[in-house]
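To start, the structure itself, in C-alpha cells.
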Amino acid sequence: MPQTLNYLRETASQTAGPYVHIGLAPGAAGFEIFETELGGDIAGPNAAGERIRVEGTVFDGTGAPVKDVLIEVWQANAAGIHASPEDPRHAEVEDGFRGWGRVISDFDTGAFTIETVRPGPVMGRNGRMMAPHLSLWIVARGINIGLSTRMYFGDEEEANAADPVLNLVENPARRPTLIATRKNSDGAPVYRFDIRLQGDAETVFFDV
Amino acid sequence: MTTTEFFQRDRTLHPPALTPGYKTSVKRSPQHALLSLQTSMSEITGPRFGHGDIGPLDNDLILNFAKDGEPVGERIIVHGRVLDESGRPVPGTLVEFWQANAGGRYRHRKDTYLAPIDPNFGGCGRTLTDAEGYYHFRTVKPGAYPWRNWVNNWRPAHIHFSIFGTGFVQRLITQMYFEGDPLIPHCPILAAIPDPEALDGLIAPLDMNASIPLDSLAYKFDIVLRGRRSTLFENRLEGN
C-alpha cells in the first residue's frame with residue numbers, strides 16, 4: 001500500500017433554501033437585526049469609473065421568474081484591480097471599493113438590479129486580456145450548489161470578441177447568454193441581463 | 001502574496017443540479033454541461049471582511065434579537081473550524097448562519113407555518129474565524145418543520161451556513177444537521193448528496209466537552225473549503 005494523501009474533502013453544498021434572506025439580507029426577510037447588512041454597496045462612494053445599472057430576471061425552465069434568488073457579484077474596479085490580497089495591485093483600489101455585493105430578486109416580480117461601476121479589463125491566463133465582466137454566483141431554493149457565471153457588456157464588442165472565456169464557449173450561439181444588452185445610448189448606462197437556469201437559451205454556467 | 005490556484009472541485013461530493021426527489025430542482029437545474037474554466041485573477045481573488053463589518057452580538061442568537069426576554073428553546077453552542085482541503089485553517093473568514101426558531105418557524109415574511117414566531121428570536125448571525133480558523137456562536141436548537149415537496153416531508157433540524165474563504169470560487173452555502181436526528185434519512189434535500197461520507201460530513205456531533213454545565217449543550221461542526229495549491233512550480237496565471 002502506498003502512503004495516504006490525507007487531503008480533507010470539501011464540505012458538501014446544500015441549497016440556500018427559500019429563506020436565504022434571513023441570513024444574508026434580513027431586511028428583505030422583514031426585520032432589522034444587524035447594524036450593517038453586508039453587500040449593499042458594491043463599489044463604494046469613492047470608486048472611479050462609470051456608474052452603471054444592470055436590470056434582469058432569473059428564469060426557471062418553465063419560463064417563470066425565480067422570485068427567491070440571491071446573486072452575489074464579484075468584480076474588479078475601473079482599473080481592472082480586485083480588492084483582494086491575491087491581486088498584486090490591490091493596494092491601489094479606491095478606499096471603500098469592495099467589488100463584492102449581493103442583490104435579491106423582487107418577491108413579486110423576480111426583477112433584480114445591480115448598481116455598481118463598470119469594471120476595467122482584467123489580465124487573464126497566458127497574458128490574454130479579458131473583457132470587462134462581472135462574476136456572478138447564484139443561489140436559491142432548488143439550486144443544490146451555487147451557479148457561477150459571468151456578465152459581459154454588449155457595448156464592448158471588440159474586447160468581447162477577443163475574450164478568452166467567451167471564446168471557450170464552443171457554440172457561438174450560446175455566447176450571448178453571457179452578454180448584457182445596453183438599453184440606453186445616453187446618460188448613465190443601463191444594461192439588461194437575464195439569466196436562464198434551463199431551457200432554450202440556457203445561460204452558460206462555469207465549473208471554476 | 002503568491003497567487004495560487006485552487007484544487008479542482010470534486011463534484012462527486014456535492015448534490016448534482018438535478019435531483020428529482022427535491023422537486024424544485026427539476027426546473028431550476030441547468031441541463032448543459034458546466035463549462036470548465038481554468039481560473040484567472042477573477043476567480044482566485046475574493047472579498048475580505050473585518051471586525052468593522054460585524055457587531056459584538058452578531059454571533060449570539062440568544063441575545064441579538066432579544067426584546068423582553070430570551071428566546072424559547074434548547075440553548076446550544078455551535079463551534080468548529082474552517083479548514084481547506086490541505087487541512088490548513090482559513091483565518092479571518094466570514095461565516096454567516098440562519099435558522100428556524102425552536103418551533104420550526106422562520107422569521108420571514110414568506111414563512112406561513114403555523115408554529116409561532118418567537119418575539120425574542122431573529123434567527124441569524126455571523127462571525128469571523130480566528131487566526132486558527134475557529135468560529136463559534138450561541139443559539140437555540142432549531143425545530144423540525146414540514147414543507148411542501150412530497151405530501152408529508154419534514155426538514156430535519158438544521159442551521160444554514162454561508163462561508164467565503166479567500167477566493168470567490170471557494171464560496172459555499174450548506175446546512176448543518178444534528179447527530180441522532182431521526183428525520184435525517186427521510187430528507188430529500190439531504191438525499192440529494194450522492195456520497196454517504198459527504199452526507200455524514202454535514203452532521204454535527206454532540207460535543208459534551210464544549211458544553212457549559214447547567215447552561216448550554218454544544219455541537220461541533222467543521223467546514224472544509226477547497227484547497228489552494230502551494231507553489232512548488234508555479235503555473236503562471238499571467239503568462240510570461
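Here is how names work: the chains are called A, B, and so on, in the same order as the sequence lines, proteins then strands, and each is numbered from 1.
Only one option out of B:R226, B:R11, B:R9 pairs with A:E10 in a salt bridge (Lys or Arg N to Asp or Glu O under 4.0 Å); it is B:R9.
For B:L225, the part lying under 4.5 angstrom from a heavy atom of chain A is the backbone only. Contacts between B:Q31 and chain A at a heavy-atom distance below 4.5 Å involve backbone atoms as well as side-chain atoms. Within the 4.5 angstrom heavy-atom criterion, atoms from both the backbone and the side chain of B:S42 approach chain A. For chain A, the nearby part of B:D195 is the side chain; its heavy atoms alone come within less than 4.5 Å. The part of B:A17 that comes within reach of chain A is its backbone (N, CA, C, O), which places non-hydrogen atoms under 4.5 angstrom from that chain. Interface remark: B:L83 contributes side-chain atoms only to the contact with chain A (heavy atom separation under 4.5 Å). Of the two parts of B:Q175, the backbone and the side chain both hold a non-hydrogen atom closer than 4.5 Å to a non-hydrogen atom of chain A. Looking at B:I193, the atoms closer than 4.5 Å to chain A (heavy atoms on both sides) all sit in the side chain, from C-beta outward. B:F7 touches chain A through its side chain: at least one heavy atom from C-beta onward sits under 4.5 Å away, while N, CA, C and O do not.
A donor-acceptor contact closer than 3.5 angstrom is absent between the side chains of A:S13 and A:N144.
The aromatic rings of B:H158 and B:H160 stand perpendicular to each other, their planes meeting at an angle above 60°, with 30° marking the opposite boundary.
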